[in-house]
2 protein chains.
Amino acid sequence: MSAMSEPLDPAMFDSCPSVSAPIRFGDKWTAKIITCLEAGPRRFSELQAPLRGITPKVLTESLRAMERDGMVTRTAYPETPPRVEYELTPLGRSLLGPMAVGCEWIRAHMDELVESREAYEKRQDIPA
Amino acid sequence: MSAMSEPLDPAMFDSCPSVSAPIRFGDKWTAKIITCLEAGPRRFSELQAPLRGITPKVLTESLRAMERDGMVTRTAYPETPPRVEYELTPLGRSLLGPMAVGCEWIRAHMDELVESREAYEKRQDIPA
DNA sequence: CGGCATCCGGCTAGATACTG
DNA sequence: CAGTATCTAGCCGGATGCCG
């Protein structure tokens with residue numbers, strides 16, 4: 001499991017509607033980070049790519065919060081240049097189930113939600 | 001179903017750990033509002049009680065957002081004094097499943113999470 | 001490479017007061 | 001009763017720049 005994992009697809013979240021989805025896990029980035037770590041440990045810079053321009057500060061904050069909550073472990077190797085790896089704990093991994101349920105709901109209902117929003121907009125445009 | 005429903009317990013959310021739980025539905029109040037509406041339609045002021053001091057402005061905003069997303073319907077009766085009822089749509093009701101899954105996760109793991117946070121704090125207090 | 005320090009703009013929850 | 005109007009304060013995401 002910790003042997004080797006495929007590189008992350010930088011575009012893996014490009015069509016992800018999570019911004020407007022009504023189900024959220026942790027903060028803005030938590031669910032995506034967990035997804036990135038599903039296949040095995042990842043380095044800081046590996047995570048940055050699919051997260052599309054997340055600033056180091058924000059990524060650090062998110063990872064710290066997840067470490068604090070026991071969702072991930074942080075392992076720093078005393079090398080030069082430094083190397084740090086983040087890995088899911090069992091607790092973090094246990095969120096994958098609820099996340100899958102949430103994603104399924106979104107897949108099944110997101111279009112209704114979008115339609116409803118558009119219909120609502122239209123109603124506002126012609127208010128008698 | 002629309003006949004009559006028991007009054008809401010004003011304390012129904014008093015021991016709810018949703019603030020620090022890592023799973024969220026919609027905005028801060030959405031999940032609670034859905035829970036309040038589960039048993040049938042409710043009036044604006046009925047919702048205010050268990051939501052412990054939510055201001056009318058914020059409750060209105062939340063309900064509007066949910067109406068926009070097709071989660072609830074708003075029905076105003078032309079009476080004096082005015083009466084308005086909010087009711088779950090099938091779409092809103094369909095969130096109950098994922099919510100139950102999320103709540104179960106929280107029940108099962110919230111204590112681990114809290115322990116982890118406390119342990120983390122301790123580690124910060126004695127940093128060598 | 002993997003951060004931390006600093007500063008900033010925008011959003012938003014909330015308090016408060018008023019209205020149909 | 002069921003909101004609206006207005007104002008404010010706080011937090012948070014993000015940009016930029018520096019360090020080990």
Side-chain angles (χ1 to χ4, degrees), chain A residues 7-8 10 13 16 18-20 22 24-33 36-37 41-69 72-87 124 127-128, chain B residues 7-8 10 13 16 18-20 22 24-33 36-37 41-69 72-87 120 123-124 127-128:
Chain A
L8 293 172
F13 297 124
C16 176
S18 64
V19 183
S20 53
R24 304 290 282 279
F25 294 84
D27 77 348
K28 186 175 178 181
W29 303 100
T30 305
K32 289 178 179 176
I33 292 173
C36 289
L37 294 178
R42 298 286 180 181
R43 306 183 57 170
F44 190 87
S45 47
E46 276 187 291
L47 296 173
Q48 267 187 297
L51 266 21
R52 286 298 188 206
I54 187 176
T55 59
K57 174 200 164 194
V58 173
L59 181 53
T60 299
E61 285 171 354
S62 300
L63 288 167
R64 282 279 189 286
M66 293 173 72
E67 195 192 352
R68 198 179 89 102
D69 287 358
V72 302
T73 56
R74 177 184 184 276
T75 310
Y77 299 91
E79 309 168 353
T80 49
R83 182 166 58 97
V84 179
E85 282 192 343
Y86 295 92
E87 186 170 13
Q124 299 315 89
Chain B
L8 293 173
F13 296 124
C16 176
S18 64
V19 183
S20 53
R24 304 290 282 278
F25 293 84
D27 77 349
K28 185 175 178 181
W29 303 99
T30 305
K32 289 178 178 174
I33 291 173
C36 289
L37 295 178
R42 296 286 179 183
R43 305 182 60 169
F44 190 87
S45 48
E46 276 187 292
L47 296 173
Q48 268 188 296
L51 266 22
R52 284 301 186 202
I54 186 175
T55 60
K57 176 199 162 196
V58 173
L59 180 53
T60 300
E61 285 170 355
S62 300
L63 287 168
R64 283 277 189 287
M66 294 173 73
E67 195 191 352
R68 198 180 89 104
D69 287 357
V72 302
T73 55
R74 177 183 183 277
T75 309
Y77 299 90
E79 309 167 355
T80 47
R83 181 166 58 97
V84 179
E85 283 192 343
Y86 294 91
E87 186 169 15
Y120 187 88
R123 259 175 278 150
Q124 299 314 91

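Labels below follow one simple rule: chain letters A, B, ... track the order of the sequence lines, proteins then strands, and each chain is numbered from 1. What's counted below: heavy atoms across the whole structure, side chains too, no hydrogens, waters or symmetry copies.
Separating the CH2 atom of W29(B) from the C1' atom of dT12(C) is a distance of 13 Å, rounded to the nearest angstrom. Separating the CG atom of L47(A) from the P atom of dG3(C) is a distance of 10 Å, rounded to the nearest angstrom. One can place NZ of K32(B) at 14 Å from P of dA13(C), the figure rounded to the nearest angstrom. Look at CG on L59(B): it is 16 Å from C1' on dA15(C), rounded to the nearest Å. In this structure, CD1 of I54(B) is placed 14 Å from C1' of dA15(C), rounded to the nearest angstrom. Here the P atom of nucleotide dG14(C) and the CZ atom of R52(B) are 15 Å apart, to the nearest Å. Look at CD on E46(A): it is 13 Å from P on dG3(C), rounded to the nearest Å. We find that CG of L63(A) is positioned 11 Å from C1' of dG2(C), with the value rounded to whole Å.
Between R43(A) and P56(B), the residue whose closest nucleotide on DNA chain C is further toward the 5' end is R43(A). In this structure, P82(A) and R64(A) both approach DNA chain C, and ranking their closest nucleotides by distance from the 5' end singles out P82(A).
Interatomic distance, CH2 of W29(A) versus CD1 of I54(A), reported as 4.5 Å (0.5 Å rounding). Here the CD-OH distance, from E85(B) to Y77(B), works out to 4.5 Å after rounding to the nearest 0.5 Å. Here the straight-line distance linking atom OG of S62(B) with atom CG of L51(B) works out to 8.0 Å at 0.5 Å rounding.
No side-chain donor-acceptor contact under 3.5 Å links E67(B) to the backbone of R64(B). Checking side-chain atoms of Q48(B) against main-chain N and O of S45(B) turns up no donor-acceptor pair under 3.5 Å.
Here the closest heavy-atom approach between residue V72(B) and residue L63(B) is recorded as CG2-O, 4.0 Å.
Residue R74(A) places at least one side-chain N or O closer than 4.0 Å to OP1 or OP2 of dG3(C). For the OP1/OP2 pair of dT16(C) and a distance below 4.0 Å, the side-chain nitrogens and oxygens of T55(B) include no atom meeting the criterion.
Cation-pi geometry between R42(B) and Y86(B) is not met: the NZ or CZ atom fails to fall both under 6.0 Å from the ring centre and inside 45° of the normal.
Using a 4.0 Å heavy-atom distance criterion, Y77(A) is classed as making no nucleic acid contact.
Counting atom types as modelled, K57(B) pairs a side-chain N or O with a base atom of dA13(C) as donor and acceptor under 3.5 Å.
Note that the first and last nucleotides of DNA chain D, 5' to 3', having any atom under 4.0 angstrom from a heavy atom of chain A are dG13(D) to dG20(D).
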